Amino acid sequence: MELLFLPTMASGDDSPIFEDDESPPYSLEKMTDLVAVWDVALSDGVHKIEFEHGTTSGKRVVYVDGKEEIRKEWMFKLVGKETFYVGAAKTKATINIDAISGFAYEYTLEINGRSLKKYMENRSKTTNTWVLHMDGENFRVVLEKDTMDVWCNGKKMETAGEFVDDGTETHFSIGNHDCYIKAVSSGKRKEGIIHTLIVDNREIPEIAS
């Protein structure tokens, strides 16, 4: 009986697990070797990482946004890791392949040396993200608070900083629209600086990271 590798966890988790099952008896040759899919939100956009693992041949294939980044057809060792880079900033990513028992494997994704969950938790503290719809298009604006870099739909924006009475403003343009991110102190140590995106004199609500 051929072995089937079926997901037991949601694909958005940082460690999808795939196990063997004895039914139904489909041919492995006709099956896809796709074993894990992750969506990773970086400053330049949300990137889809897909991983194929052939547990008979040891084949390993990594796709980033549909583009093949790594292909190894025959690998004697079924466990190990694959490292590659994602996005405009060439963020380091590593897929770890670990055997759980028998023919069950666990696949975990690390970003910059951290589990995907911990990396995203940290990003929620160091970035602000807004999504807005203008001129028939959707725009995703990301502020990196440590550098004050601003990204919009995958591109790093040209910005100009300005001091104002109650804080700072970082100005940039999206098409013909005037935009700025205002930074003011919350007056509370735990909250720190509050960043607000203003587009055409209208405040844009922040989305949850």
Side-chain angles (χ1 to χ4, degrees), residues 11-12 14 36-51 62-70 82-95 108-186 191-209:
S11 63
D14 63 338
V37 180
W38 297 273
D39 289 319
V40 182
L42 301 178
S43 294
D44 64 335
V46 179
H47 300 278
K48 176 172 281 189
I49 297 173
E50 298 169 287
F51 183 52
V62 176
Y63 299 93
V64 178
D65 299 327
K67 181 182 177 184
E68 187 177 295
E69 294 292 331
I70 294 174
E82 296 296 336
T83 297
F84 50 100
Y85 297 89
V86 181
K90 300 296 182 185
T91 302
K92 184 180 178 181
T94 300
I95 295 173
T108 55
L109 178 67
E110 293 180 356
I111 304 293
N112 279 344
R114 300 182 179 187
S115 70
L116 179 59
K117 182 179 179 180
K118 287 189 179 298
Y119 179 80
M120 297 313 295
E121 285 175 353
N122 184 66
R123 268 193 68 82
S124 70
K125 299 173 185 174
T126 60
T127 62
N128 292 84
T129 303
W130 299 269
V131 173
L132 58 151
H133 187 81
M134 299 188 301
D135 305 329
E137 287 186 66
N138 288 321
F139 295 92
R140 179 177 180 268
V141 177
V142 178
L143 168 69
E144 295 182 351
K145 291 188 277 192
D146 52 349
T147 61
M148 293 304 292
D149 287 339
V150 177
W151 294 74
C152 180
N153 286 7
K155 294 182 180 179
K156 192 173 175 180
M157 306 299 287
E158 292 287 336
T159 61
E162 179 183 342
F163 288 99
V164 293
D165 289 343
D166 52 353
T168 63
E169 294 178 355
T170 302
H171 290 259
F172 58 100
S173 297
I174 299 176
N176 295 321
H177 300 274
D178 293 324
C179 314
Y180 67 90
I181 295 172
K182 188 163 187 173
V184 297
S185 173
S186 65
E191 292 184 23
I193 304 296
I194 295 175
H195 297 86
T196 306
L197 174 63
I198 308 294
V199 177
D200 296 336
N201 297 315
R202 180 169 60 94
E203 182 175 332
I204 307 298
E206 184 182 357
I207 67 167
S209 299

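Just so we're clear, the structure is a prediction, and the values are computed from it rather than from any experiment.
- Evaluation of the salt bridge (Lys or Arg N to Asp or Glu O under 4.0 Å) test over residues 138-158, restricted to residues two or more places apart or in two chains, returns Asp149-Lys156.
- Side-chain contact between Tyr119 and Leu42: present, with at least one pair of heavy atoms (C-beta onward) separated by less than 4.5 Å.
- A donor-acceptor contact shorter than 3.5 Å is absent between the side chain of Arg114 and the backbone of Asn122.
- The shortest distance between side-chain heavy atoms of Val64 and Lys48 does not fall below 4.5 Å.
- In this structure, Ser186 contributes its side chain and Gly192 its backbone to a donor-acceptor pair below 3.5 Å.
- The nearest pair of heavy atoms linking Ala88 to Asp44 is N-OD2, 2.6 Å.
- Within 6.0 Å of the CG atom in Asn176, the count of heavy atoms belonging to other residues, nucleotides or ligands does not exceed 12.
- With contacts defined as side-chain heavy-atom distances shorter than 4.5 Å, the pair Trp130/Val199 does not qualify.
- The stretch residues 172-181 participates, sequence neighbours left out, in no salt bridge (Lys or Arg N to Asp or Glu O under 4.0 Å) pair at all.
- The shortest side-chain heavy-atom distance between Glu203 and Lys182 does not fall under the 4.5 Å cut-off.
- With contacts defined as side-chain heavy-atom distances shorter than 4.5 Å, the pair Ile181/Asn128 does not qualify.
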**Request:** Verify side chain to side chain contact (heavy atoms under 4.5 Å, CB included) between Leu143 and Val141, making sure each step is shown before the conclusion.
**Result:** CA-CA 7 Å; Leu143 168 69; Val141 177; over 6 Å; no
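- When all heavy atoms of Thr83 and Lys92 are compared, the pair lying nearest together is CG2-CE, 3.6 Å.
- Put simply, OH on Tyr180 and CG on Leu197 are 9.5 Å apart, with the number rounded to the nearest 0.5 Å.
- Atom CG of Asn201 is surrounded by 12 or fewer heavy atoms from other residues, nucleotides or ligands within 6.0 Å.
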